[in-house]
Each structure stands twice: as C-alpha cells, then as structure tokens.
Protein chains: 2
Amino acid sequence: MATIDDVARRAGVAASTVSYVLSGKRSISPTTRSRVEAAIAELGYHPHAGARALASARTNVLALMVPLPMAPGTSTLRPDVDVNVLMQFVAGIAPRARSQGYDVLLVTDDDPSAAERVWAGSTADAIIAMSVQADDPRTEALARAKMPAILIGLPEDPHGLSCVDFDFENAGRLAVRHLAGQGHRHIVMVGPPATTFERRMSFAERIVRGMSETSASAGVEFSVVPTAARRDAVAESLAPVLDREDRPTALVVHHEAALPSVLDVLRDRDWRIPGDISVVAVAPPSIAEQQAAPLSSIEVPAQAIGATAVDMAMAAMRGEGTSETRLVRASLTNRGSTASPSS
Amino acid sequence: MATIDDVARRAGVAASTVSYVLSGKRSISPTTRSRVEAAIAELGYHPHAGARALASARTNVLALMVPLPMAPGTSTLRPDVDVNVLMQFVAGIAPRARSQGYDVLLVTDDDPSAAERVWAGSTADAIIAMSVQADDPRTEALARAKMPAILIGLPEDPHGLSCVDFDFENAGRLAVRHLAGQGHRHIVMVGPPATTFERRMSFAERIVRGMSETSASAGVEFSVVPTAARRDAVAESLAPVLDREDRPTALVVHHEAALPSVLDVLRDRDWRIPGDISVVAVAPPSIAEQQAAPLSSIEVPAQAIGATAVDMAMAAMRGEGTSETRLVRASLTNRGSTASPSS
DNA sequence: TCGATTTGTCGAAGCGCTTCAACACGGTAC
DNA sequence: GTACCGTGTTGAAGCGCTTCGACAAATCGA
C-alpha cells in the first residue's frame, strides 16, 4: 500500500503538502495540486483510515444502532419492528452519510453499553439510534457517553439528545380531518399489535392521540383495533367491529405488515373501496403503492427522516445543534381510496 | 479519554505491559495483571481503535456489502432482493462477527470500486458480499483488490474467491423426491419474477435445475411459473396452470414475498392444503412459520449461512482458506402441507 | 524603493497503540 | 561457583497521518 510519503516523493513535494491537497485546508498552487493528484492516481493511493483517525481525532464513521428484528439464534421476528420500514431508514441514512464522506458502522448489540464501547474506543464520531421506545434504556446510555447522538423516535425523556421522527400526532389529525370532511362519522384505526403499545413505542401512542382528539372535537366515533399481521388474526380482530350494525365507514391502517391482510378481509366481504368503505394507509410510499389496490395514504417519509438524522448528526458533531426535536410533517396523498359514505 | 499511558502510570507498569495484558501475547504475572485490570476499570479505559489499527495493521472491522433493496431517492423496491431474507443474513453475520471481536461496516454503494476504497484505506480487514449474481461485477473488483473476501451466492466465475450459499440444487431434488414419493406426477414451481432470472441470480437457476432433472428421471411433469409478489399478479400467473384440466397436484413455492398471495389464491379456489393440493415452501424458517397455514418447507438457513460466511472470512484473514465453495445442505421439515394426491 | 502582507510550501512534533530486542532475576544444571 | 535458561517486564522505535509554526517568495501600498 502506498503511503502519503510515497505520493509526496513521487510528486516532489512534502507530505504535508499532499495532506493539504487532500483536505483543502490550505491553499495550494494549481501546479502543485495537479502534480500531487497525478501521483495519487498513479499510485492508487488511499489514505489509511486508522492513521487519519489517530492524527485528526475524527473517524468519519457514523454508528447506526439497529434493533435486530429477529433475536439471533431464534427465528422469531420481533413483531414491533417492521423490516421494510427499517430498511427504508437505512436507505435514507447510508447514502446520505456516504455523500458526506462518512461510512456507516452497524451496531446490533441490544446491550446499551455498546454505545460506550463505540464512542470510548473512538470507533465512530456519532451515533444514530433507530426505533427508540418511550422508555428506551439506550437513551440514557447514549446521553451518559456524552457523544453526539440522534434518536429516531421519541423517548419520554430524551436526556438532552436530539430526536427526529414522523409527526404521527399530526398524521392522526390529518387522517380524521380528511375523513370527517367527507362525512364519515365512524372511523376505526387498525393498529399494530398490542405488544407494540405495551412496549411503549411512542409512535403508536401519538397517532392515537391525534386521531382521538380530532374525532372528539369533530363529533366522530373513533376506536382502535390492534392486530397481528396474519390474515386470520386480522379477520378475527376486525370481525367484532365490522359486523356491527353501525359499522365504521372508514379505516385508517397504521400497520404496514397487516395492510395486505386488511385488504383481503374487505375483499372477502365483497366490500368495494371506496364505495363500501374508505381506507387510508399510514405507511412509507413504497409500501402503500405496492398494495393490490392503490391506497390513499399518509406517507411516512422514512428515507427522508433517515437523511435528516444524518444531517442532524453532522450538525451535532460540529457542535451546533442545541438539542432539538424535529417532527417531520405529514401529508396525505389521495389515491382514491376514500369517498363520502354512501348511507 | 484515558490512554494506555494513563493506565500504565496508574498501575505502576510500562505501557507495553498494559498492551500485553490486553492482547495476551506475552505471559503476565497474576499480580501485575490484576493491578492493570483494576486500573483499566477505574479509568474506564477503551483502546483507541485508530491507533490500534495503525500500529497493528488490523482494524477488527468486517465490511458487509449489502445491496440496498430500494434505490435511494426513489421508493421502488428492487424486486429480486427480499428484505426479510436480507435481514436474516445480517442477523447471522453481525452477532457472529461481534463474538469474534469484529465490528460490521455497512457498504451500500453499488459502485464496485467501493470494495477497493474500503480495502485500500484499511477501513476493514475483510469483506462479505451478499446477494451475488452469476455475472456480478463486484466479484472481479473484489478479486482485484486482493483482499480477503467471501461471497454469499454463487457467481459464474468466483475469480478465486470463497463462496457460501444454500445448496439450492439439492433443495430442488429434495422437494421433487419428496413429492414424487407421495405419488405426485405433476409439480409446478412458483418462482421469483422473471427479472430475477434475467439478472442471473444463480439460486433461481440452480433450484430449477435440481427440480427439473429429478422430475425428468422420476417421470414427473414439471414447469416453472415466475411471478411478482402481489396477489393479483400471482392469481394471474397461476391461472393458466391451475385452470388446466390436468392441473398440478403440488406446488413448490420459492418466493418468500409471494407466499401469502399463493395461499390466498388457493383459498379463493376453496382448495384445501394438502387435501386438494400439496404445497412446499423454500424459505427461511421464520417466514415459513409465519404463514396462515403451517407449511412443510425446505428451510433456507440464512442465519447459519451468514455465520458461516463470517467464519470463512476469519479463516481467509488468517491466510488459511484456500478458496473454497461451501454449499449448505437442504433439509425438509414436514409440517403437514403435503399428502398423496387424491385422484 | 522599502517594509508589510499574503501565498505556497516545508519540517517536525505528535496522535495512542503494538511489537521487538533487551534485560533483570530467580531457578537449574553442572 | 559459574553457566545457562525461562519468566516477566521494560524502553524505544515505528505505524501513516494531520497540523502548527516557520519561512521563502511573490504581491502590495505608499
């Protein structure tokens, strides 16, 4: 492997000059610059990441704490984390980090001390923690490690850390307002399984709050049906609600994995969308689009949130960013799956 | 941050002694060892990863090339990579790497030169590349970079690199043998979309080869139906085959995402499993188990393959591992979704 | 024309660790 | 008693880079 000295020798300059060409921290004459660049190209030189980290005290690595949806060893999926959504975040984070010259380190240990290991060992410059729960133990560990950290999700007590998340409360309001505006007086939210609520994933609580408050003030009847993703589970959970004489005229589905099952259940009853029932999905665009029927949806811009998290991490490293919480605003894309109730 | 010198001073020994306590490369007296360990604990010392990498020429980082299933910027899923399967691999890789003291670096660039960047910059000690296609350009790039690399998947020309994969050909043989043994004379494989075949993902080609050869020698009629995952697509793709008078009595489904749709389509026809039709899934256990009906399946041990890849990478770094190809053997778990055809 | 800036380059001092040669010391062997 | 060995420890030399202060040369204002 060629070193910076090799390059310097070949270009007939000092090593420090090469360094400055690379970093742009001092002005360099065009002549020198091109000689150095030529030498770099000829030798196929790549600076040694470790040496760089040692000398500059910056690693150019961003650590990403990902909850592994399946416990290692077992094959059971953790039902409260949707793999597709997870990937959407990663798809937003990785390229954005790369474009700023950062590599992404995957940290999957559920042990909260992993954060300290990464930070204290100068393995990464900052951490992004995904899928933060209301009472997530990682939050405190991150704060204690005193390292630039961004949370995706909203803990009860951020311990002074910055957070990004989708504005689920607003999404809930939006959905109800849209449907109530069309004349719906009875709305049901089909939500994540009960365990998600028990785990205190705040997003679930927030969207419910948004919906129920708006419903109340609009005089709309509202209830929540938590469900597992499997079709039989969905059918069973929904039956009591859909069988009622006074059944809801609109469904708001906030459970990516259950979406196909919900549509199937409606189809089994020969209910047309939106003729017999209106449906709004709360999901990343790619998922809403992939359904059998195009669904009007409140799009969770997971990729954009991921990218934002990276930007906030960069800001935090620069010492800017007084701890802030950014809630990315909801917007409803109408794909024609809602209409005034026929009654 | 405490340095090794701080620890040495506190323990009253030389820095090199601390280093040897940490690495175990020289014998240390029990007294000294415990004094050093105490100092480490008191100071909360963590060795600086960069300094370590510089001095020892080893980073203790494993790079993982993951094809991002969704192109950044767009929201379209690449249909040939199943997110769930991807995650299964990661779930096998990350903990195994960690247990050997390695961190995992996520490399999502599709640019083949990413490998060189990572290697030449001494950012990682080895690379594992996932979802390798028959004619994957990354293969040659990896080989050229002359770095320890393991491929998950089977390229046409491994360029001397080691590979791990599931023995899909064997899986195909196994499935047909099992069904033929029960008396089935007409089997259809429901496979990944046509684009997967076009992309020359070798797994698809291999399982087809295994099935068709065994079918031929067992006198069984066999055909392949590629399909997209969505329910309407599946219904449409399967219709010509299932509507035939002489319809198949068994389906082998090798397409994780389409599995639920296939079951739905059968249910719509009021066909019972296995009474009216036998079904075998080829999928990771977690996915086979999650279906509405428990499915007999040939289990793709994605986690185990991931772990194996890590072990092979470690061996390759030690300079062992003459380039080898390991195919992990298939086994069929009977969950009662196959039976002799009723005819 | 001369001092004051600015511009471009260099040399050297570390960053925190690993590792090698060297050595002190008590125990064995003769 | 001397010679030798193994054990446990040390000091110093880098690993490849960044960055700071210094400095020569070019540019400027008056």
Side-chain angles (χ1 to χ4, degrees), chain A residues 1-37 39-40 43-61 101 103 117-125 317, chain B residues 1-37 39-40 43-61 101 103 117-125 317:
Chain A
M1 290 292 105
T3 74
I4 201 174
D5 283 308
D6 298 332
V7 175
R9 214 167 304 131
R10 176 139 195 160
V13 299
S16 49
T17 303
V18 176
S19 177
Y20 287 124
V21 166
L22 252 23
S23 69
K25 294 191 177 173
R26 281 259 225 280
S27 53
I28 298 285
S29 73
T31 341
T32 310
R33 174 187 304 285
S34 58
R35 281 234 304 291
V36 170
E37 278 164 353
I40 288 177
L43 295 173
Y45 167 74
H46 287 262
H48 186 289
R52 197 167 241 197
L54 182 54
S56 66
R58 316 187 66 261
T59 60
N60 277 267
V61 170
D103 275 314
R117 190 179 64 77
V118 165
W119 168 249
S122 296
T123 303
D125 295 332
M317 287 180 331
Chain B
M1 291 291 105
T3 74
I4 201 173
D5 284 309
D6 298 332
V7 175
R9 213 167 305 130
R10 176 139 196 160
V13 298
S16 48
T17 303
V18 176
S19 176
Y20 287 125
V21 167
L22 252 24
S23 69
K25 293 191 178 172
R26 281 270 223 275
S27 52
I28 299 284
S29 74
T31 341
T32 310
R33 172 185 306 285
S34 58
R35 282 235 304 291
V36 170
E37 278 164 353
I40 288 176
L43 295 174
Y45 167 73
H46 287 262
H48 187 289
R52 198 166 240 195
L54 181 54
S56 67
R58 317 186 65 261
T59 60
N60 277 267
V61 169
D103 275 313
R117 190 180 64 77
V118 166
W119 168 248
S122 296
T123 303
D125 295 332
M317 287 180 335

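Lettering follows sequence order; numbering is per chain, from 1.
- Rounded to the nearest 0.5 Å, atoms CG (A:Leu43) and CD1 (A:Ile4) are 12.0 Å apart.
- Contact between the side-chain N/O atoms of B:Ser27 and the OP1/OP2 oxygens of D:dT7 is not found at any separation under 4.0 Å.
- With sequence neighbours left out, A:Arg58 forms a salt bridge (Lys or Arg N to Asp or Glu O under 4.0 Å) with no residue at all.
- Applying the 4.0 Å criterion to OP1 and OP2 of D:dT9, one finds that B:Thr17 has every side-chain N and O outside that range.
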- How far apart are the C-alpha atoms of B:Thr59 and B:Thr123, what are their side-chain angles, what is the distance that settles it, and do they pass the side chain to side chain contact (heavy atoms under 4.5 Å, CB included) test? CA-CA 7 Å; B:Thr59 60; B:Thr123 303; over 6 Å; no
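- Using a 4.0 Å heavy-atom criterion, one finds that B:Thr32 contacts the sugar-phosphate atoms exclusively.
- The side chain of B:Ser29 contributes an N or O atom lying less than 4.0 Å from OP1 or OP2 of D:dT9.
- With contacts defined as side-chain heavy-atom distances shorter than 4.5 Å, the pair A:Thr17/A:Arg35 does not qualify.
- For B:Ser122, the side chain to side chain contact (heavy atoms under 4.5 Å, CB included) test picks out A:His48, with sequence neighbours left out.
- Between the CZ atom of A:Arg33 and the P atom of C:dT7 there is a distance of 15 Å, rounded to whole Å.
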Could you pull out every donor-acceptor pair under 3.5 Å between side chains of residues 20-27 of chain B and any protein atom, sequence neighbours left out?
residue, atom, partner, partner atom, Å
B:Ser23, OG, B:Ser19, O, 3.3
B:Ser23, OG, B:Lys25, N, 3.3

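- Note: B:Thr32 OG1 to B:Glu37 CD = 10.5 Å, rounded to the nearest 0.5 Å.
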Show me the protein contacts with nucleotides 15-17 of chain D, counting only N or O atoms at under 3.5 Å.
residue, atom, partner, partner atom, Å
D:dC15, O2, B:Ala55, N, 3.4
D:dG16, N2, A:Ala51, O, 3.4
D:dC17, OP1, A:Tyr45, OH, 2.6
D:dC17, OP1, A:His48, N, 3.2
D:dC17, OP2, A:Ile4, N, 2.3

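- Residue B:Lys25 has a polar side-chain atom (N or O) positioned under 4.0 Å from OP1 or OP2 of C:dT19.
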- Task: List the protein contact pattern of nucleotides 20-28 of chain D with one symbol per nucleotide (5' to 3'): B for base contact, S for sugar-phosphate-only contact, - for none; contact means a heavy-atom distance under 4.0 Å.
- Result: BBB------
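- For A:Arg10, the salt bridge (Lys or Arg N to Asp or Glu O under 4.0 Å) test picks out A:Glu42, with sequence neighbours left out.
- What separates CG of B:Asn60 from P of C:dT18 is a distance of 10 Å, to the nearest Å.
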